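Working notes for the structure below.
On a predicted model such as this, the values are computed, not experimentally measured, just so you know.
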Amino acid sequence: MVLSFIACNSPKEHTAPAIYARDSVAMMTSYGVNTLISDSGVMKYRIVAERWEVNENVNPKRWIFRRGIFLEQFDEKFHVEAYIQADTGYCFTDQNLWHLIGNVRVRTVDGLKYNSEELYWDQSRHELYSYRFSRLITPEREMQGSYFRSNEKLTSYFITNSKGSFMKNDMFKEDTTTQKAPTDTSVVAPPKRGMTMPHRKTHP
C-alpha cells in the first residue's frame, strides 16, 4: 500500500503550448541596422533601420521593419539616385516585392518628391505603384490622385483620378507670354486600353 501511494503521487511534468506558433517567430532580429544590399555583385541600395526581422518560416518569406526604414537607391556607378522612407516596411524576398506603409516619402536627386500612406515597389517589374492617395511634386508641377504608377527610377509616371495638375510658375505669372515648357515624361491620364495593371496585393 505504501508503494502504491508513492507511485500515485510521483511528480508530473506540466507543459503548456507555446505562446506563438513557430512560424510566427523571426529567425533573426537585428537592431541598429546600416547595411548595403547588392544584386549580382552590383550594389543596389542601403538599408538603415532601428529593427530588422528576418522570417524564412512563412510563405512568402519576408523581412519586416516595424520601427521604420530608410533606403538609399544607387545607380550602376554607386551614385545615389533616390531616398525612400516609411514608418513600416515589408520585403517579400521570394517575390522581390516591397510594401511600405505609413508616411511614405520618396525624394530623387532631380528634385522629385512623392508622398503617400502606402507604396509598393516591384523589383522584378522595376516599377512603383500605390492604390492610396498620392502626391507628386516635380520642379515644374504638382499632381495628386488616388492611383499612382511609375518606373522605379521615377522618370516616367502617371496618376489617375487626379485632383489637379498645374505649372507652379502659372500661379504667379500675370502676363500671358508663351514659354516653352521643360521636358516632362509624366502622364496625367488613365492607362491606355490593353495596358496591364498590377493586381493589388494584400499582406499583413
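Considering CD of Gln85 and CZ of Arg107, their distance stands at 7.0 Å, rounded to 0.5 Å. Here the straight-line distance linking atom CG of Asn151 with atom CD of Glu127 works out to 9.0 Å at 0.5 Å rounding. For the atom pair Lys44 NZ and Gln73 CD, the distance stands at 8.5 Å (nearest 0.5 Å). Taking OG1 of Thr35 as the reference point, atom CH2 of Trp52 lies at 5.5 Å (rounded to 0.5 Å). Atom CD1 of Ile101 is separated from atom CZ of Arg66 by 11.0 Å, given to the nearest 0.5 angstrom. Put simply, CG on Leu100 and CH2 on Trp121 are 8.5 Å apart, with the number rounded to the nearest 0.5 Å.
Closest non-hydrogen pair, Tyr129 versus Asp122, comes out as CE2-CB, 4.2 Å. Counting all heavy atoms, side chain and backbone alike, Ile159 lies closest to Gly145 at CG2-CA, 3.3 Å. Pro139 and Gly111 make their closest contact through CD-O, 4.1 Å (heavy atoms, listed as atom of the first residue, atom of the second, distance). Heavy-atom minimum distance, Thr93 versus Arg62: OG1-N, 4.3 Å. Scanning both residues, Gln95 and Ser124, for their nearest heavy atoms gives O-OG, 3.8 Å.
Put simply, Tyr31 and Met28 are part of two different groups of oily side chains (I, L, V, M, F, W, Y) that touch within less than 4.5 Å, one to the next. Residue Ile37 is grouped with residue Val54 when hydrophobic side chains (ILVMFWY) are merged at heavy-atom distances under 4.5 angstrom, including chains of intermediate members.
Between Tyr45 and Glu72, the closest side-chain pair of non-hydrogen atoms is not below 4.5 Å. You'll find the side chain of Glu117 reaches within 4.5 Å of the side chain of Asn103, heavy atoms only. Residues Thr29 and Arg51 have side chains in contact (heavy-atom distance under 4.5 Å, counting atoms from C-beta outward). You'll find the side chain of Glu118 reaches within 4.5 Å of the side chain of His99, heavy atoms only.
Of the possible polar contacts, none joining the Arg135 side chain to the Phe133 backbone as a donor-acceptor pair under 3.5 Å is found. Put simply, the side chain of Ser156 never gets that close to the backbone of Leu154: no donor and acceptor are under 3.5 Å apart.
Between Tyr90 and Trp98, the distance separating the two ring centers is not shorter than 6.0 angstrom. Under the 6.0 Å cut-off for aromatic ring centres, Tyr131 and Tyr147 qualify, their centroids lying closer than that. In this structure, the ring of Tyr157 has its center no less than 6.0 angstrom from the ring center of Tyr114.
By the side-chain contact (heavy atoms from CB on, under 4.5 Å) test, Asp110 pairs with Thr108, sequence neighbours left out. With sequence neighbours excluded, the residues forming a side-chain contact (heavy atoms from CB on, under 4.5 Å) with Glu50 are Arg67, listed by chain and number.
Connectivity analysis of hydrophobic side chains (ILVMFWY, heavy atoms under 4.5 Å, direct or indirect) links Phe74 to Leu36, Met43, Val48, Phe70, Phe78, Val80, Tyr83.
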